[in-house]
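Here is the structure we will look at.
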Amino acid sequence: MRLSSCFMPTLRENPAEAQITSHRLMLRAGLIRQTSAGIYIWLPLGLRVLHKIEQIVREEQDRAGAQEILMPTIQSAELWQESGRYEAYGKEMLRISDRHGREMLYGPTNEEMVVDLFRNDIKSYKDLPKMLYHIQWKFRDEIRPRFGIMRGREFLMKDNYSFDIDAEAGRISYNKMYVAYLRTFARLGLVAIPVRADTGAIGGDLSHEFQILAETGESTLYYDKAIEKFELATLTGDIDPDSIEKLQSLYAMEEEKHDPDNCPVAPEDLRSAKGIEVGHIFFFGTKYSEPMNARVTGPDGKLVPVEMGSYGIGVSRLVGALIEAGHDDNGIIWPEVVAPYKVGLINLRLKDADCTAACDDLYHRLTDAGVEVLYDDRDMGAGGKFADMDLIGLPWQLIVGPRGLKDGMVELKCRASGAREQLSLEAALSKLGA
RNA sequence: CGGAAUGUGGCGCAGUCUGGUAGCGCACUUCGCUGGGGGUGAAGGGGUCGCAGGUUCGAAUCCUGUCAUUCCGACCA
């Protein structure tokens with residue numbers, strides 16, 4: 001993509017309404033624009049990141065055996081009246097009515113809808129287990145939206161729902177998601193701590209929150225340092241059931257529930273860090289299947305309510321969390337797997353024919369090789385180009401100017417480490433995978 | 001919802017106390033000099049001061065109402 005034809009409105013100053021790092025950087029780097037409290041437009045650069053995160057989440061869901069569907073954002077109130085949550089959900093649910101005066105709502109979650117889907121089409125234990133997920137926009141009319149995309153009212157969530165014949169099988173589905181989550185966050189280059197959690201409005205008796213470690217996180221966590229070692233193992237392979245049980249038994253608590261005087265972990269093994277909640281998994285058994293009459297016939301011919309779990313990842317929140325976990329004074333530092341482009345090609349002197357010819361050639365060769373390049377072909381000073389490129393945080397900057405070019409050299413800068421290398425054009429190309 | 005602020009060109013702000021017809025920096029347009037970390041000179045364009053009433057000869061400024069946004073608290077992916 002040529003920057004001269006790209007919609008990337010970067011800001012030199014911090015917008016007044018943005019108080020936290022990720023919100024400021026998302027506005028300044030031209031990833032999002034706010035339209036009203038907690039509701040945002042995703043601009044081209046931000047949308048590319050969102051899509052890449054979404055894709056990694058999708059791949060790990062598929063790998064765990066879940067199947068993707070897509071449920072609507074607008075739901076009928078009827079299903080919610082059936083489950084009893086229509087009143088219980090309160091003002092956080094955005095209620096609307098259609099032209100016939102029917103009560104509708106903008107979905108804050110999809111348990112009711114997916115249970116309805118399930119009960120209409122699945123009748124036998126032979127069809128279990130099933131895991132169905134979708135990645136869809138949700139709306140929760142938060143009392144107080146804040147922190148930009150981190151707690152918006154409209155947000156993109158992956159929500160998965162598992163259906164099993166009994167609690168034991170349900171626990172297996174739960175653990176599959178538990179592992180899928182560890183893998184997902186590890187692929188994004190994040191350290192996630194699974195913390196035993198309350199079940200809240202969703203209900204149930206088994207639940208974990210996944211907290212991303214970042215200095216600017218909202219909650220303070222205390223956990224056994226052994227958790228970090230376990231997570232490294234998930235980078236390379238699956239975890240066997242015994243390991244999952246062991247990992248889940250390790251201590252991890254939010255500050256409110258952490259009692260320093262009665263902590264089972266020795267002080268030298270205890271870690272304390274700030275976290276951002278990006279995922280939450282629940283096993284809630286028959287909480288919805290019972291009232292909504294979602295039953296299957298078991299091997300013995302008897303009808304039993306299906307055992308369920310639900311599993312959420314805040315996809316749009318992850319964009320903010322990744323920035324909180326990866327930035328410096330100059331801007332964002334994206335992990336390569338989610339960066340909007342891999343390489344930022346900087347043409348320092350557009351009016352120099354040789355320089356521009358070299359840049360055009362590099363751009364085409366990289367693009368032809370499948371490398372994602374954002375080519376800064378704007379006619380402006382070098383300072384602004386460097387500042388913008390640091391701000392938007394692409395992993396590699398390929399800097400081309402007449403000075404180096406007369407010796408046949410270009411500069412390759414790593415955004416994360418700041419390391420710079422003088423390379424020949426061919427060496428730079430091969431280093432970038434072209 | 002309880003508490004606290006703020007609304008003035010695209011962005012950041014001054015002007016409000018003490019009423020007199022709107023200003024600064026950045027950005028933008030044109031031309032020139034520049035050209036490796038936001039350079040520089042000249043000339044321009046853009047705002048009925050959130051909105052609605054009121055007071056006044058006159059309101060960004062005073063009064064009343066209203067809307068929006070943000071921050072702190074309880075809740076959430």
Side-chain angles (χ1 to χ4, degrees), chain A residues 9-20 23-24 27-28 30 33-39 53 57 89-93 108-110 135-160 181 184-185 192 197-202 207-212 218-219 256 275-282 310-321 330-331 346-352 355 376 378-391 397 399-406 409-411 413 418 420 422:
Chain A
T10 55
L11 304 175
R12 200 163 168 177
E13 292 177 274
N14 284 320
E17 77 267 18
Q19 295 300 318
I20 64 156
H23 191 196
R24 283 178 179 162
L27 290 166
R28 286 191 53 208
R33 285 292 180 265
Q34 182 168 0
T35 64
S36 61
I39 304 180
I53 295 171
V57 169
Y89 222 93
K91 289 189 169 177
E92 204 166 295
M93 186 155 70
T109 178
N110 286 69
I135 300 172
Q136 176 65 290
W137 292 92
K138 305 289 188 291
F139 194 94
R140 293 184 190 170
D141 201 356
E142 297 279 346
I143 295 168
R144 188 183 157 210
R146 60 180 129 173
F147 305 142
I149 222 68
M150 301 282 279
R151 190 179 306 165
R153 291 194 290 173
E154 187 186 54
F155 58 97
L156 187 61
M157 181 163 96
K158 183 285 299 175
D159 41 322
N160 185 359
Y181 275 39
T184 301
F185 299 129
D198 286 338
T199 50
I202 307 281
S207 178
H208 284 89
E209 288 177 4
F210 289 79
Q211 301 263 357
I212 294 304
E218 273 192 271
S219 38
E256 306 80 70
I276 300 169
E277 186 190 345
V278 292
H280 202 154
I281 61 176
F282 304 86
S310 78
Y311 316 90
I313 290 179
V315 177
S316 48
R317 176 179 282 185
L318 267 171
V319 180
N330 295 325
I346 300 179
N347 182 344
L348 285 173
R349 193 79 62 82
L350 199 79
K351 283 176 179 150
D352 181 304
C355 184
D376 190 347
R378 297 174 298 180
D379 185 13
M380 56 182 270
K385 294 193 174 197
F386 289 134
D388 271 348
M389 205 53 88
D390 283 349
L391 177 61
Q397 297 175 11
I399 301 162
V400 182
R403 189 185 293 175
L405 216 49
K406 72 176 175 348
M409 304 296 268
V410 295
E411 184 177 311
K413 175 181 158 186
R420 298 155 183 275
Q422 297 291 330

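Naming: A, B, ... by sequence-line order, numbering from 1 per chain.
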N/O contacts under 3.5 Å, protein versus nucleotides 23-26 of chain B?
from	atom 1	to	atom 2	distance (Å)
G25(B)	N2	Glu13(A)	OE1	3.0
C26(B)	O3'	Arg12(A)	NH1	3.4

Checklist entry - Which nucleotide sits closest to the side chain of Ala382(A): G36(B), C75(B), U70(B)? => result G36(B)
Checklist entry - Roughly, in whole Å, what's the span from CZ in Phe147(A) to P in C75(B)? => result 14 Å
Item to check | Asp141(A): salt bridge (Lys or Arg N to Asp or Glu O under 4.0 Å) partners, not counting sequence neighbours | outcome: Arg153(A)
Checklist entry - Rounding to the closest angstrom, what is the interatomic distance between U55(B) and G12(B) at atom P? => result 35 Å
Next on the checklist: Suppose we call a contact any N or O donor and acceptor under 3.5 Å apart; does that hold for the side chain of Asp390(A) and the base of G37(B)?
Outcome noted: yes
Item to check | Proximal nucleotide (of U69(B), C71(B), G36(B)) relative to the Arg146(A) side chain | outcome: C71(B)
Next on the checklist: Check the phosphate of A77(B) against Gln211(A), side-chain N and O only, distance under 4.0 Å to OP1 or OP2. Yes or no?
Outcome noted: no
Checklist entry - Do Arg317(A) side-chain atoms and Ile149(A) backbone N/O form a donor-acceptor pair below 3.5 Å? => result no
Next on the checklist: Given G36(B), A77(B), C11(B), identify the nucleotide with an atom nearest to the side chain of Pro15(A).
Outcome noted: C11(B)
Next on the checklist: What contact category does Leu11(A) fall into here, base, sugar-phosphate, or nothing, at under 4.0 angstrom with non-hydrogen atoms?
Outcome noted: nothing
Checklist entry - Is a donor-acceptor contact shorter than 3.5 angstrom present between the side chain of Lys413(A) and the base of G37(B)? => result yes
Next on the checklist: Can you tell me how far apart OG1 (Thr109(A)) and OH (Tyr89(A)) are? Round to the nearest 0.5 Å.
Outcome noted: 6.0 Å
Next on the checklist: Can you say whether a donor on the side chain of Arg317(A) sits under 3.5 Å from an acceptor on the base of C76(B), or the other way round?
Outcome noted: yes
Item to check | Given C75(B), U70(B), G38(B), the nucleotide with the shortest approach to the side chain of Glu142(A) | outcome: C75(B)
Next on the checklist: Checking contacts here: which listed nucleotide (C71(B), G12(B), C1(B)) is nearest the side-chain heavy atoms of Ala16(A)?
Outcome noted: G12(B)
Checklist entry - Checking all strands, does Asp379(A) fall into the base, sugar-phosphate, or nothing category for heavy-atom contacts under 4.0 angstrom? => result base
Checklist outcome for this item: Picking from A77(B), C76(B), G37(B), the nucleotide nearest the side-chain atoms of Phe386(A) would be G37(B)
Next on the checklist: Whether Arg420(A) contacts G36(B) is assessed here as follows: a side-chain N or O lying under 4.0 Å from the phosphate OP1 or OP2. Is that the case?
Outcome noted: no
Checklist entry - What nucleic acid atoms does Gly90(A) come within less than 4.0 Å of, heavy atoms only: base, sugar-phosphate, or nothing? => result nothing
Next on the checklist: Could you tell me how far U6(B) sits from A14(B) if I compare only their C1' atoms? Round to whole Å.
Outcome noted: 15 Å
Checklist entry - Which is true for Gly279(A) with a 4.0 Å heavy-atom rule: it touches a base, it touches only sugar-phosphate, or it touches nothing? => result sugar-phosphate
Checklist entry - If you pin Leu350(A) and Ser36(A) to their nearest nucleotides in RNA chain B, which one's is more 5'? => result Leu350(A)
Checklist entry - What integer number of Å spans the C1' atoms of G15(B) and G25(B)? => result 15 Å
Checklist entry - Is there a donor-acceptor contact under 3.5 Å from the side chain of Ser219(A) to the main chain of Gly275(A)? => result yes
Checklist entry - With respect to the phosphate group of C72(B), does any side-chain polar atom (N or O) of Arg144(A) fall under 4.0 Å of OP1 or OP2? => result yes
Checklist entry - Say you draw a straight line from CZ of Phe139(A) to CD1 of Ile39(A); how long is it, rounded to the nearest 0.5 Å? => result 4.5 Å
Checklist entry - Applying a 3.5 Å limit to both distances, which nucleotide forms a Watson-Crick or G-U wobble pair with C31(B)? => result G41(B)
Checklist outcome for this item: Judged by nearest nucleotide, the residue sitting upstream toward the 5' end of RNA chain B, Arg151(A) or Pro402(A), is Pro402(A)
